[in-house]
Protein chains: 2
Amino acid sequence: MPPHQQPPGSQGSEGSRSRATRAETGQASTVSPLTVNRLSVYLRSLRQLREQGIEKVSSQQLARRFNLSSTQIRKDLALFGEFGTRGVGYDVLELAEHLEKLLALGRVHRLAIVGMGNVGTALARFPAFNSGSFQVVAGFDNDPSKIGRRIGPIVVRPTSELVTSIRESGAKIAILAVPADAAPAALDALHRAGVRAVLNFAPVTLPSTSRCRIKNVDLRIHLEELSFFLDHPE
Amino acid sequence: MPPHQQPPGSQGSEGSRSRATRAETGQASTVSPLTVNRLSVYLRSLRQLREQGIEKVSSQQLARRFNLSSTQIRKDLALFGEFGTRGVGYDVLELAEHLEKLLALGRVHRLAIVGMGNVGTALARFPAFNSGSFQVVAGFDNDPSKIGRRIGPIVVRPTSELVTSIRESGAKIAILAVPADAAPAALDALHRAGVRAVLNFAPVTLPSTSRCRIKNVDLRIHLEELSFFLDHPE
DNA sequence: TCATGTGAAGCAGTTCACAGCG
DNA sequence: CGCTGTGAACTGCTTCACATGA
């Protein structure tokens, strides 16, 4: 994944003998996005094991089953506490719950989508964005022919209503799926609407601020990466 | 996502200047995906400058304008040759062309999409996947109600025809947009169809091989990353 | 005994600082 | 002079190796 932004760092996190972990002291992020992404992968894997009725798993079993590194699993988890039992491994159900809590998936995050083109429309209907901890509650576009149309769980509203509508909805996460040249203005509106995190599909690298974290996802770049490695094999 | 891959390779490309660079010596990839992704970003930026009629640019101007690091731009480019003029900077048009060549964007890559659900459908219609160097030429699904339907540039075909159809089309890149449990079988079929690169949207981490490079993109994980940092600010 | 949790080592990616050249 | 290109320093991520404890 291409990490376009870097996380800020401030706190030293010495791993000392006591039970004082990051989670318990209340101190937050010297945690890198890479680690956080892996936590999601671990959770995804544990959910699969849970569905299969598997109750215990060691880091090595997880690693083999899901193409991961057992050391890295343990190191990543160690940032947040001690979740395993020596000589045994991890309790699948319990660790999954810990990860859900860590990733703040215990509550519902309302999502607003800006730009109801191909991508915006697909994401409005996308199950992963409309289940569990996520729920699409608003969608915006400038195109008059789209206003008022029902797409997935929402009815498209004009961008002029974006700020007030998002304020009312309480959505703190937005998906930005507008053309590149419209992105800066849209982002500015999202700031004013109180949005704190943005998943940006517009082909521009928008900078994170302390007030609003941005994750840039450019699908064309992914294709170009594959194109490069096709011509520069191995 | 653990990127383990590094071995050498061979690629011939005529050099342009004095010193022996990777491109000239014929050796290929010790190049990291991170670097390649940045090349795409540089190209995207240069195209924007080109449209504005700007002819020369220094690494520092690029960096300021597009939130990049000037040193990193120079280091990244240095892997492939010497494209700038000391005391001046880079020729926008020329550098863009070099990057297009490096990223193998000088020819059309035909794409096959497996799974015409929300994501597959959106990508079939997605401009970035149907312009310039990319072109969607086939789409597959198991759902009988979808077979025969025209979506964007393609007509949906049954998955049973996947191998022969992709072979005929000559597509070497596939987009995998099926449910997680269907992904392994679909990938196997893609291997048999001669596909060399896969953009995987299924929520499983599929491993790359030397025969077929895989780029895993899990949109839910992106959301979960934002969710985490929402609750663990700064 | 077995697998976790963790300092220490190793490696990759980024930034610094400046030599070299137009 | 200014900007590129680049060894050297640095930061941070990953892997190793083993002490620790159920």
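Lettering follows sequence order; numbering is per chain, from 1. Because only heavy atoms are used, hydrogens play no part in the values below, and waters and symmetry mates are left out as well, while side chains stay in.
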Let me have the donor-acceptor pairs involving side chains of residues 178-194 of chain B, under 3.5 Å, with sequence neighbours excluded, atom names and distances please.
{"unit_1": "B:Asp188", "atom_1": "OD2", "unit_2": "B:Arg192", "atom_2": "NH1", "d": "2.5"}
{"unit_1": "B:His191", "atom_1": "ND1", "unit_2": "B:Leu187", "atom_2": "O", "d": "3.4"}

Q | B:Phe83 CZ - D:dT4 C1' separation (whole Å) | A | 13 Å
Q: For A:Leu34 and D:dC13, give me the distance from atom CG to atom P, rounded to whole Å.
A: 7 Å
Q.
Output the rounded distance in Å from CD (A:Gln72) to P (D:dG12).
A. 17 Å
Q.
Any side-chain N or O of A:Tyr90 below 4.0 angstrom from OP1/OP2 of C:dG5?
A. yes
Q. B:Arg74 side chain: which of C:dG5, C:dT15, C:dA17 is closest?
A. C:dA17
Q.
With a 4.0 Å cut-off on N to O distance, would you call B:Glu224 and A:Arg44 a salt bridge?
A. no
Q. Nearest-Å distance, CG (B:Leu77) to C1' (D:dG5)?
A. 10 Å
Q: Would you mind reading off the distance between B:Leu95 atom CG and D:dC3 atom C1', rounded to a whole angstrom?
A: 14 Å
**Q.** Selection: residues 51-66 of chain B, any non-hydrogen atom under 4.0 Å of DNA chain D
**A.** B:Ser58, B:Ser59
Q. Under 4.0 angstrom, heavy atoms only, what part of the nucleic acid is B:Ser70 near: base, sugar-phosphate, or nothing?
A. nothing
Q. Which part of the nucleic acid, if any, lies within reach of A:Thr35 when heavy atoms closer than 4.0 Å are counted: base, sugar-phosphate only, or nothing?
A. nothing
Q.
I need the CG-C1' distance between B:Leu79 and C:dT14, as an integer number of Å.
A. 13 Å
**Q.** Sidechain N-carboxylate O distance under 4.0 Å for A:Arg47, A:Glu100
**A.** yes
Q) Say you draw a straight line from CZ of A:Phe126 to CZ of A:Phe134; how long is it, rounded to the nearest 0.5 Å? A) 11.5 Å
Q: Round to a whole Å and report the spacing from CG of A:Asp76 to C1' of D:dT14.
A: 10 Å
Q.
Reading DNA chain C from 5' onward, which residue's closest nucleotide shows up sooner: A:Gly87 or A:Lys75?
A. A:Gly87
(Q) Any non-hydrogen side-chain atom of B:Leu62 less than 4.5 Å from a side-chain atom of B:Ser70? (A) no
Q. Looking for any heavy atom pair under 4.0 Å, which part of the strands does B:Thr71 touch: base, sugar-phosphate only, or nothing?
A. base
(Q) Please check if the number of heavy atoms outside A:Gln60 that lie under 6.0 Å from its CD is greater than 12. (A) no
Q. Got a second to check how far B:Leu176's CG is from B:Ile214's CD1, nearest 0.5 Å?
A. 8.0 Å
Q | Rounded distance in Å - CD1 (A:Ile73) to C1' (D:dC13) | A | 16 Å
Q | Nucleotide nearest A:Arg86 (side chain, heavy atoms from C-beta), chosen from C:dT14, C:dG5, D:dG7 | A | C:dG5
(Q) Whether A:Thr85 contacts C:dA3 is assessed here as follows: a side-chain N or O lying under 4.0 Å from the phosphate OP1 or OP2. Is that the case? (A) no
(Q) From C-beta outward on B:Ser32, which listed nucleotide comes closest to its side chain: D:dG7, C:dG13, D:dT14? (A) C:dG13
